[in-house]
Amino acid sequence: MAADGVTRRDFLNGIAVAVGAGLAPAALAAAARGASAAPYPPGDGGMKGSNPGAYDIAHAIRDGRRFDIDAVAAGETFDLVVIGAGISGLAAAWFWKRRRPGARILIVDAHADFGGHAHRNEFRVGDRLLVSYGGSESFQSPQTLWSDQAKALVAALGVDLARFDTAFDRELYPSLGLSRGVFFTREAFGTDRLVTGDPMRMVADDIAPNRMNARAAEDFVADFPVSEVMKPRLAGLYTSRSDPLAGKSLAQKNEILDRTSDRDWLTKVWGLDERAADAFQGRSLDFFAVGIDAISAREAYDTGYPGFGGIGVARDEEALKEMEEPYIHHFPDGNASLARLLVRSLVPGAAAGASMEDIVGARFDYARLDRAGSGVRVRLDSTAVGVRNRDGGVDVAYVRKGKLARVRAGHAILAGYHMMMPYLMRELPRRQRDAMAANVKAPLAYVKIAVRNWKPWVARRVHEVSNPMGYYSRIKLDYPVSLRDYRFPKSPDEPTVLQLVHVPQAREAGPDLRTKWRTARTILYATPFETFEQKARDELTRIFGGAGFDAARDIAAITVNRWGHGYSYAGSTLFDADGDDEKIPEAARRRAGRVAFAGSDADWNPYAHAAIDQAHRAVDELLGAAKPA
């Protein structure tokens, strides 16, 4: 044993693995690559996303710091400056460039990588390269929900939506006999128990209904660690066609569904006790970033939760489309490939290739993103601190490497977090600034774990686990997608990536969703990497330890993608006044002189297609609506 009490085994399984395999913060990962190595953010492990360096300047502005734009001269001039290198900012530059091919465009972003929430994670396990998504993961129902403009953009980038029909292997997990399961923790239910064969459909499901390997509802709930009195009621949620609101008018039913939480629906309408309701409490966290106590019964009904078989109320049309179109439009690194396709199109020479097939394996030259003379420049690690209309143009100030800089532009598009915009543009009218500040975003973390094999999952006969009262509400094997040279690990003997979702909870924090998310955000920012790691090792061991999983042996690397400002606010019938979800976004995205606003926040809709649509609208506002071809 070493003098400091650290054994050789501790060193090999902790510190050495941390530096070599990605458990360390990004700075240590960079050091492991060598001081002279060029920056390559996708390969940095440890804590990523919303971190000091990405948010400290913005938080200082929020807390009262002011930057004097006039203190520095405008050193560069561009036709367009875009703030935010996420999907919407990149799409805005792309739409602008299509209409003004000779335009000079600067895109600035506070993060070390482009893509915003469309973040790429890379791992090396032995000689195997594994890629996965650290945020925005898929195209949501593109055949039915996407606009013509959004479809045209991805088509122009070389994306053939039909290709995902074969790239995404929907049969892999079903063919191995795997199902979804629910893990009941001893802290909440008195025992640790994994129950397999979950029959509940997901709102965005990649598994065909007849290939879920689900059990009958009665058999499934029979294994729940709840009272015997509750089991028939739980089974009835799935099977009953009776109407618990019989005698109510359609209008009354709709009002009840909108104003009743799903937890109250289960306890007060269906008569579940608190422990039985806990079997569903955290199942909504991945999709809504709140538990079932903070989503409406309407939202639960629209997204596939049980308990509504005989209600006699039609589902929302858009929600039906999300339920019915298979959730397979997914690159191996999620929507990071969409961001990479955009950057490759905008910055010639940034990466080789010309198709959706080769983008997954393309290695980007980050040194080429911000070269003098390039028509489009992407300037990372640069936090915008001020934007104002002035003298027939726009002044944009940002801080990079501790230094204040100012550029001049003919126009600007702000595609970052709307809640930050009032601090950047103090010239905006009060109503617009208040509307922007209302977009309080949901905090969450996507934790990626590279494992040396996934045999314990096959032994436990699951590919995905809901953990409704645990730390990680969703624990799953990555989506099985192969494109060109990138092959998904189809054998359980091969290394793969696990997806773990953590959403901090503040159930008692205030009477509204925004207060709950603000409080939850402080919890998330106070959580160190070591806690994410310890919780992952603990829960994976409790679920899979009996099937041969050994965390010290089997975990090769961990990356935590922390998003303090994750999903855009989307409105809530439980907490918001009627019409807020229509009036507030419209007021927030109103053009201000030569400045337009994009981002999914401008739509109150946290989807990639919404980000693209808002980019298209912003460009139209500044250049005039394009005439149909």
Review point. Going by atom types only, do Asn561 and Asn121 share a side-chain donor-acceptor pair under 3.5 Å?
Key: yes
Point to revise | Ring centre gap for Phe280 and Tyr305 strictly below 6.0 Å | key: no
Practice item. Give me the ring orientation class for Tyr173 and Phe488: parallel if the planes are under 30° apart, tilted from 30 to 60°, perpendicular past 60°. Key: perpendicular
Point to revise | Heavy atoms from other residues, nucleotides or ligands near CD of Glu187 exceed 12 (cutoff 6.0 Å) | key: yes
Review point. Do Ser600 side-chain atoms and Pro606 backbone N/O form a donor-acceptor pair below 3.5 Å?
Key: no
Check your understanding: Is the backbone N or O of Tyr569 less than 3.5 Å from a side-chain atom of Asn439, with the two atoms forming a donor-acceptor pair by type?
Key -> yes
Exercise for review: Run the salt-bridge test on Arg315 and Asp302 with the 4.0 Å N-O cut-off and return the result as yes or no.
Suggested key: no
**Study point:** pair Val451-Leu498: side-chain heavy atoms closer than 4.5 Å
**Key:** yes
Review point. Can you check whether Asp493's main-chain N or O pairs, donor with acceptor, with Ser491's side chain at less than 3.5 Å?
Key: yes
Check your understanding: Atom CG of Leu444 and atom OH of Tyr567: how far apart are they, to the nearest 0.5 Å?
Key -> 5.0 Å
Point to revise | Pairing of Glu533 and Arg537 as salt bridge, 4.0 angstrom limit | key: yes
**Study point:** With sequence neighbours excluded, residues passing salt bridge (charged side-chain N to carboxylate O under 4.0 Å, His left out) with Asp262
**Key:** none
Review point. Between Arg487 and Asp169, is a salt bridge (Lys or Arg N to Asp or Glu O under 4.0 Å) present by the stated rule, with each step listed?
Key: CA-CA 11 Å; Arg487 183 181 62 82; Asp169 188 351; over 6 Å; no
Exercise for review: For the pair Glu494 and Lys455, find out whether any cationic side-chain nitrogen is under 4.0 Å from an anionic carboxylate oxygen.
Suggested key: no
**Study point:** No-hydrogen, no-angle side-chain donor-acceptor test under 3.5 Å, Asn335 and Ser136
**Key:** yes
Practice item. Using the side-chain hydrogen bond (donor to acceptor under 3.5 Å, both in side chains) rule, pick out the option among Asn254, Thr303, Thr573 that qualifies with Arg298. Key: Asn254
Point to revise | Check: Arg562 side chain, Ser50 main-chain N or O, donor-acceptor pair, under 3.5 Å | key: yes
Review point. Taking the six-membered ring of Tyr472, is the NZ or CZ of Lys476 close enough (under 6.0 Å from the centre) and on axis enough (within 45°)?
Key: no
Review point. Quick one: side chain to side chain donor-acceptor pair (under 3.5 Å) partners of Asp293, sequence neighbours excluded?
Key: Gln281, Arg507
Check your understanding: Where the side chain of Asn605 meets the backbone of Ala610, is there a donor-acceptor pair that is under 3.5 Å apart?
Key -> no
Point to revise | Non-neighbouring partners of Arg474 that pass salt bridge (charged side-chain N to carboxylate O under 4.0 Å, His left out), sequence neighbours left out | key: Asp286, Glu464
Review point. How about His502 and Tyr471: are their ring centroids closer than 6.0 Å?
Key: yes
Point to revise | Distance-only donor-acceptor check, side chains Asn467 and Arg283, under 3.5 Å | key: no
Check your understanding: Quick one: do the Lys448 and Thr559 side chains pair a donor with an acceptor below 3.5 Å?
Key -> no
Check your understanding: So, does Asp550 use its side chain to make a donor-acceptor pair with the main chain of Arg553 at under 3.5 Å?
Key -> yes
Check your understanding: Backbone N or O of Ala246 within a donor-acceptor pair of the Lys253 side chain at under 3.5 Å?
Key -> no
Revision key, fill the gap. One should read off an interatomic distance between Phe287 CZ and Ser473 OG, to the nearest 0.5 angstrom, of 13.5 Å
Practice item. Taking the six-membered ring for Trp and the single ring otherwise, decide whether the centroids of His117 and Tyr446 are under 6.0 Å apart. Key: no
**Study point:** Chi angles and distances behind the salt bridge (Lys or Arg N to Asp or Glu O under 4.0 Å) call for Glu325, Lys321
**Key:** CA-CA 6 Å; Glu325 189 171 347; Lys321 292 175 181 177; over 6 Å; no
Review point. Backbone N or O of Ile523 within a donor-acceptor pair of the Thr527 side chain at under 3.5 Å?
Key: yes
Exercise for review: Could you tell me how the ring of Trp265 sits relative to the ring of Phe308: parallel (under 30°), tilted (30 to 60°) or perpendicular (over 60°)?
Suggested key: parallel
Check your understanding: Should Glu122 and Arg124 count as an ion pair when the cut-off is N to O under 4.0 Å?
Key -> no
Check your understanding: Do Val131 and Val360 have side chains that get closer than 4.5 Å, going by heavy atoms?
Key -> yes
Check your understanding: Mind checking whether Phe183 and Ser466 have side chains closer than 4.5 Å, heavy atoms only?
Key -> no
Review point. Applying the ring pair (Phe, Tyr, Trp, His ring centres under 6.0 Å) test to His330, which of Phe164, Tyr133, Phe139 qualifies?
Key: Tyr133
Review point. In terms of side-chain heavy atoms, does Asp333 have a donor or acceptor partner in Ser337 at a distance below 3.5 Å?
Key: yes
Review point. Is the Phe189 to Phe224 ring centre distance short of 6.0 Å?
Key: no
Point to revise | salt bridge (Lys or Arg N to Asp or Glu O under 4.0 Å) evaluation trace for Lys231 with Glu228 | key: CA-CA 5 Å; Lys231 290 179 181 180; Glu228 293 301 317; 2.9 Å; yes
Revision key, fill the gap. Between the CG atom in Asp219 and the OG1 atom in Thr196, the distance rounded to the nearest 0.5 Å is 10.5 Å
**Study point:** Polar side-chain atom of Arg263 near backbone of Glu274 as donor-acceptor pair, under 3.5 Å
**Key:** yes
Revision key, fill the gap. Here the gap from Leu145 atom CG to Glu322 atom CD, rounded to the nearest 0.5 Å, amounts to 5.5 Å
Practice item. Give me the ring orientation class for Tyr479 and Phe168: parallel if the planes are under 30° apart, tilted from 30 to 60°, perpendicular past 60°. Key: tilted
Review point. Quick one: do Asp554 and Arg452 make a salt bridge, cutoff under 4.0 Å?
Key: no
Revision key, fill the gap. Output for pair (Ser296 OG, Leu574 CG), nearest 0.5 Å, gives 5.0 Å
Exercise for review: Decide yes or no for Arg193 and Arg186: does some side-chain heavy atom of the first lie under 4.5 Å from some side-chain heavy atom of the second?
Suggested key: no
Review point. When you measure from the side chain of Asp538 to the backbone N and O of Gln534, does any donor-acceptor pair fall under 3.5 Å?
Key: no
Scan the side chains in residues 233-240 for donor-acceptor partners under 3.5 Å anywhere in the protein, sequence neighbours excluded, and list what turns up.
unit_1, atom_1, unit_2, atom_2, d
Arg233, NH1, Gly271, O, 2.6
Thr239, OG1, Ala235, O, 3.1
Ser240, OG, Ser242, N, 3.1
Ser240, OG, Ser242, OG, 2.8

Practice item. Report yes if the distance between the aromatic ring centroids of His119 and Trp563 is under 6.0 Å, otherwise no. Key: yes
Revision key, fill the gap. Side chain to side chain donor-acceptor pair (under 3.5 Å) filter on Tyr327, not counting sequence neighbours, yields Glu137
Check your understanding: Going from CZ on Arg461 to CG on Leu194, what distance comes out if it is rounded to the nearest 0.5 angstrom?
Key -> 12.0 Å
Exercise for review: Apply salt bridge (Lys or Arg N to Asp or Glu O under 4.0 Å) to the pair Glu171 and Lys490, showing each step before the final yes or no.
Suggested key: CA-CA 11 Å; Glu171 284 295 314; Lys490 294 189 175 185; over 6 Å; no
Practice item. For the pair Arg180 and Asp198, find out whether any cationic side-chain nitrogen is under 4.0 Å from an anionic carboxylate oxygen. Key: no
Exercise for review: Please list, chain by chain and in numerical order, all residues satisfying side chain to side chain donor-acceptor pair (under 3.5 Å) with Asp206, sequence neighbours excluded.
Suggested key: none
**Study point:** Exceeds 12 heavy-atom contacts within 6.0 angstrom, atom NZ of Lys248
**Key:** no
